[in-house]
Protein chains: 2
Amino acid sequence: MERIVRKPRNRRKMQSVTMTDVAELANVSPSTVSLFLRKPDAVSPSASQAISRAIDKLNYVPNLMAGGLAAASSRAVSIIVPSVRNAFFAETVSAMQAALKKQRLQLILGHTEYDELEEEELVRMALSWAPAAIVLTGLSHSASTRRLLANVTIPVIEIWELGGPQIDSAIGFHHDQVGIAAAAHLIQQGRRNLVFLGARMHQDRRAKQRCDGFLQAARTGGAAAQVVEHPDTASAEIGAMLLSEALRLYPNADGIACSNDHIALGALFACNRLGVAVPERLAVVGFGDLSFSAACNPPLTTIRPSGDLIGREAARLIEDHLNGEKPERQLTIDTRFTLQHRRSS
Amino acid sequence: MERIVRKPRNRRKMQSVTMTDVAELANVSPSTVSLFLRKPDAVSPSASQAISRAIDKLNYVPNLMAGGLAAASSRAVSIIVPSVRNAFFAETVSAMQAALKKQRLQLILGHTEYDELEEEELVRMALSWAPAAIVLTGLSHSASTRRLLANVTIPVIEIWELGGPQIDSAIGFHHDQVGIAAAAHLIQQGRRNLVFLGARMHQDRRAKQRCDGFLQAARTGGAAAQVVEHPDTASAEIGAMLLSEALRLYPNADGIACSNDHIALGALFACNRLGVAVPERLAVVGFGDLSFSAACNPPLTTIRPSGDLIGREAARLIEDHLNGEKPERQLTIDTRFTLQHRRSS
DNA sequence: GATCAAAATCGTAGCGCTATGATTGGCCAT
DNA sequence: ATGGCCAATCATAGCGCTACGATTTTGATC
């Protein structure tokens with residue numbers, strides 16, 4: 001019972017419901033449905049109603065890949081940070097996501113773990129999505145990364161660092177100024193024997209910049225300034241170790257600045273255990289103003305960056321670009337920082 | 001000087017370099033390039049070499065949207081968490097991203113801020129990307145969300161909660177058991193007047209579950225158990241407030257469990273300020289084992305969940321599904337938790 | 001009732017890639 | 001030689017959508 005076998009090219013997929021289905025049900029052309037989805041105001045009220053009814057009824061979910069391919073751009077924004085476990089970047093990512101959601105833009109996330117090669121690979125993967133914008137952390141990137149980004153037409157935004165050559169726009173603040181502010185504050189409080197406690201400064205450029213700014217400003221201001229550091233990621237445990245070490249090496253230290261509040265928290269714990277009076281004997285200044293900083297014993301003086309503002313500004317930039325409002329590139333936005341003077345200094 | 005104006009349909013985009021360009025330079029057909037990119041072993045060594053040389057030379061970046069559209073699936077995994085500012089979810093997101101990178105899968109991130117409607121919208125947006133998998137937090141979702149996910153063929157993974165009806169697979173642990181473990185520990189330490197300090201429990205189901213488990217186990221174990229709570233997000237500041245309040249309301253309390261380590265940290269600060277001896281007068285148990293927990297004064301006894309294991313297991317599940325190895329659905333993986341007994345209890 | 005610009009709608013040609021099935025060439029057994 | 005088989009390669013037909021340009025409808029004005 002042999003038959004002539006047809007070979008109708010096998011279909012690949014079948015998205016359950018497509019725009020054409022919606023169009024049929026709403027009695028309009030697919031073009032109109034597409035238009036409605038992109039610019040609702042350009043479609044008559046009656047058609048709008050029919051279309052949105054059809055969408056609801058069919059539970060239609062547009063295929064963004066098809067849309068992106070046709071439109072040569074996607075509703076995705078790629079953000080590449082060292083790590084989202086770091087509260088600073090988590091805050092920025094969170095703020096950006098909240099702001100971008102209104103534009104129906106999605107965040108594609110990547111972690112470099114402070115590795116430039118990793119970053120390069122992530123940038124390559126990010127570009128594969130033809131994102132609406134790409135956000136990187138810091139101003140330091142591999143030559144290949146720069147090459148990849150040199151010719152893109154989308155906004156490239158570097159965040160959390162200012163003060164170096166930037167690819168396109170940059171949003172952040174000057175970390176050396178943070179160190180300078182910390183030193184100035186301690187000197188103003190009458191401290192003359194300063195120590196900077198730092199973690200992971202061989203990888204975290206920005207922590208290093210804060211440290212360098214601190215040292216320079218301290219010495220310029222007539223104070224002695226030393227560094228005690230640890231190669232691992234900042235934590236309270238390391239902060240405690242660093243403080244003990246600092247007091248051992250520099251017994252007459254009277255002012256401490258920390259690369260961030262985790263370190264400062266650990267330093268406060270150590271002072272507590274060692275019976276070192278803060279701020280009488282030792283003034284402590286942190287960086288970050290993390291969730292616990294105001295609640296410490298004593299409440300921690302710290303420098304507060306504006307992680308969420310960075311995220312919001314980045315989102316605004318992207319939004320403006322999308323609306324074609326701002327052709328200006330090479331923007332630099334200084335989000336500044338503020339010193340929160342509390343009882344630890 | 002008028003001319004006859006032609007109207008050759010305007011081109012939309014022009015990705016600088018496409019797969020066809022690579023194929024031409026390598027002297028093979030586009031199909032072979034595509035094959036090389038997806039299954040390098042199926043292409044002869046000579047062709048492989050020519051192709052990878054061409055890719056390098058042209059700096060070719062594949063267009064994942066075109067690929068995804070053609071293949072009816074994308075290299076994206078959507079993960080939806082309450083907030084990435086929460087260290088627990090940040091850890092999971094980070095671990096997942098690290099594991100997925102090896103598969104060249106990208107994470108698309110969404111934040112619900114503990115809002116089910118927000119989650120629903122995010123799920124809809126996520127599905128628009130035809131992701132390879134979708135990861136949600138917890139087991140509680142709106143009816144519409146469930147409907148959206150009912151008929152998808154990709155893995156749907158619910159994380160950080162076990163013990164309820166699940167959509168597909170679930171990876172996490174039982175939060176009531178965390179509460180039970182905390183109560184059992186305090187009772188074992190001879191405490192009989194217990195208080196649970198909780199934050200944001202009207203929104204954070206899992207904190208509520210820990211609380212409920214705690215209360216029930218405490219009472220079953222013959223101890224008095226009370227709750228003192230605050231509606232805002234957990235922080236050390238609120239922890240300190242809650243502890244003061246707890247001591248005011250229940251002056252003879254001798255054991256404290258906290259909805260997480262931020263609260264516990266604040267409680268320890270408050271004890272320190274109030275001169276309440278820990279653990280002599282008051283034992284304190286936290287949840288989370290955050291970065292500062294081991295460094296506190298005294299080091300904090302806490303229950304450590306396995307946020308990174310959750311992320312790794314989720315990635316493994318997705319990977320298995322992608323390789324077609326595991327058609328099994330409705331998997332449940334209990335990642336457990338461990339009690340870190342330190343000096344605060 | 002005719003005219004015309006503006007508003008609304010539509011038809012069509014791809015966007016860049018992958019899956020399918022077909023074809024080619026090389027090698028071995030007959 | 002001849003055929004058969006496998007590995008390597010290729011040609012083709014879309015995936016679902018958007019942008020463009022064209023067409024139709026509307027409604028205000030003469």
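Protein chains get the first letters and strands the later ones, always in sequence-line order, with residue 1 at the start of each. FYI, side chains are in, hydrogens and waters are out, and symmetry mates aren't considered; it's all heavy atoms of this structure.
Atom CG of A:Asn27 is separated from atom C1' of C:dA8 by 16 Å (rounded to the nearest Å). Rounded to whole angstrom, the span from the CG atom of A:Leu69 across to the C1' atom of C:dG16 amounts to 6 Å. Atom CD1 in A:Ile51 sits roughly 15 Å away from atom C1' in D:dC17 (whole-Å rounding). Rounded to whole Å, atom P of C:dG16 lies 14 Å from atom CD of B:Glu24. Atoms CG (A:Asn63) and P (D:dC15) sit 12 Å apart, rounded to a whole Å. Atoms CE (B:Met19) and P (D:dC15) sit 19 Å apart, rounded to a whole Å. Taking atom CE of A:Met65 as the reference point, atom C1' of C:dG16 lies 13 Å away to the nearest angstrom. Atom CG in A:Leu64 sits roughly 14 Å away from atom P in D:dG16 (whole-Å rounding).
Taking only side-chain nitrogens and oxygens, B:Tyr60 never comes nearer than 4.0 Å to OP1 or OP2 of C:dG16. Of the side-chain N and O atoms in B:Thr32, one or more sit less than 4.0 angstrom from OP1 or OP2 of D:dC10.
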Expected list for residues 27-34 of chain A: side-chain donor-acceptor pairs under 3.5 angstrom, two or more places apart:
residue	atom	partner	partner atom	Å
A:Ser29	OG	A:Ser31	N	3.4
A:Ser29	OG	A:Thr32	N	3.4
A:Ser29	OG	A:Thr32	OG1	3.3
A:Ser34	OG	A:Arg38	NE	3.1
A:Ser34	OG	A:Arg38	NH2	3.0

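Between the side chains of B:Trp160 and B:Thr92, at least one donor N or O lies within less than 3.5 Å of an accepting N or O. With 3.5 Å as the limit, one finds no donor-acceptor pair spanning the side chains of A:Glu313 and A:Thr335.
The listed nucleotides are C:dT12, D:dC17, C:dC17; the one nearest the side chain of A:Ser31 is C:dT12. Considering only the side chain of B:Ala70, C:dC17 comes nearest among C:dC17, D:dC17, C:dC10.
Between B:Val28 and B:Ala66, the residue anchored closer to the 5' end of DNA chain D is B:Val28, taking for each the nucleotide with the nearest heavy atom.
Looking at residues two or more places apart in sequence or on another chain, you find no salt bridge (charged side-chain N to carboxylate O under 4.0 Å, His left out) involving A:Glu116. In this view, A:Thr112 and A:Ile80, A:Pro82, A:Glu119, A:Leu122 satisfy the side chain to side chain contact (heavy atoms under 4.5 Å, CB included) rule, not counting sequence neighbours. With sequence neighbours excluded, the residues forming a side chain to side chain contact (heavy atoms under 4.5 Å, CB included) with B:Arg104 are A:Glu121, A:Met125, B:Arg75, listed by chain and number.
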Derivation and outcome, salt bridge (charged side-chain N to carboxylate O under 4.0 Å, His left out), residues A:Glu319 and A:Arg316 = CA-CA 5 Å; A:Glu319 190 178 326; A:Arg316 198 175 53 76; over 6 Å; no
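Side-chain contact check for B:Leu105 versus B:Leu322: some heavy-atom pair is nearer than 4.5 Å. Between A:Ser48 and A:Pro40 the shortest side-chain heavy-atom distance does not fall below 4.5 Å.
Annotation: the terminal axes of the helix from C:dG1-D:dC30 to C:dT30-D:dA1 meet at 40°, where each axis is the rotation carrying the C1' atoms of four end pairs onto the next four (5 pairs per end, rounded to 10°).
Within residues 34-50 of chain B, the residues having any heavy atom closer than 4.0 Å to DNA chain D are, in order of number, B:Leu35, B:Val43, B:Ser44, B:Ala47.
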